[in-house]
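When a ligand or atom number is given, it counts from 1 through the structure's own listing order.
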Amino acid sequence: MIKLGVNIDHIATLRQARYAGMIDSPNCEPDIAAAASACERAGASGITVHLRADRRHIQDRDVFRLRNSIMTKLNLEMGNTPEIVETALRVLPDEVCLVPENRQEITTEGGLNVTRHFKALKQTVQRLHTAGIRVSMFIEADAMQIQASGETGADTVELHTGAFANLSADLQQDEVDRLEAAARFAQERGLLVNAGHGINYLNVRLLTRIPQWNEFNIGHSIVSRAISIGLENAVRLMLERLKN
Ligand code: PXP
């Protein structure tokens, strides 16, 4: 079965909307570690957080707390900058997912350009591996990017499903075919293949037909559904979709 990593950035977004700069306040909520535990109780195979350079949602303290509280797997999404790499080496997450980062974007917009930044990415992969951290590259479903990701020594690629998610249902099949070809190409190169971005309770069905998936990383849709049915139920419902 496809594993489910839950991205809880938007739980921190909600907290920051009221308590930015006051996360020591006894009134501060929602609690990030409690949310991560709820996801794990419901069957998530890991928790993902993105420590952005502008710290707009997840804070350094959250990542250290999660490192201590998470029982499954901590996946730290991050840009390849010296400051954040140093933080990752102190936190020691189980996995790092390297992503492009642009301060103006609302969410991660495209995949990493691994061919262009090959040397710097390869160095970071080596440093993270030396610390015992597995590494994933968040990339477009593109053969050159997959090939280059493999050559950096990365263990996993996470294919960007944003383009698929933004298409109308009648056009999504072509994009699924493209993702499937890319997933096959990556698997043949010994890479684990994950998917993430824009996956929701409706579009997930089409994606699950691709046999190569290892894990989906899903955030916004699960956190949104949690508002009406609770976080544990929202995670369980997504897991049911993955089973079917
Ligand atoms: N994977 C990566 C690499 C991402 O940057 C994001 C967005 O933070 C996600 C998965 C989750 O995307 P969504 O919130 O649309 O489910």
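Electrostatic pairing of R178 and D142 does not count as a salt bridge here, judged by no charged N lying under 4.0 Å from a carboxylate O. Electrostatic pairing of R55 and E83 counts as a salt bridge here, judged by a charged N lying under 4.0 Å from a carboxylate O. Under a 4.0 Å N-O distance rule, the pair D60/R65 does not qualify as a salt bridge. With respect to E86 and R127, a salt bridge is recorded, a charged nitrogen being found less than 4.0 Å from a carboxylate O.
Under a 4.0 Å criterion applied to the non-hydrogen atoms of N7, ligand 1 contributes the atoms 8 (O). Counting atoms of ligand 1 from 1 in the listed order, those under 4.0 Å from a heavy atom of V99 are 3 (C). The H220 neighbourhood of ligand 1 comprises atoms 13 (P), 14 (O), 16 (O), with distances under 4.0 Å to a heavy atom of that residue. For ligand 1, the atoms lying closer than 4.0 Å to a non-hydrogen atom of N217 are 10 (C), 11 (C).
For the residue pair H50/E101, the side-chain donor-acceptor check at 3.5 Å is satisfied. Side chains of R189 and Q147: a donor-acceptor N/O pair is present below 3.5 angstrom, by distance only.
Contacts with ligand 1 closer than 4.0 Å are made by no heavy atom of H160, backbone or side chain.
Judged by the shortest distance from any of its heavy atoms, G198 lies inside the 4.0 Å radius around the atoms of ligand 1. Ligand 1 is approached by E158 to a heavy-atom distance shorter than 4.0 Å.
Annotation: G219 places an N or O atom under 3.5 Å from an N or O atom of ligand 1; distance criterion only.
There is a path of hydrophobic side-chain contacts, each under 4.5 Å, that joins V85 to F64.
Nearest-residue assignment for atom 2 (C) of ligand 1 (options E77, H197, H50; heavy-atom criterion): E77.
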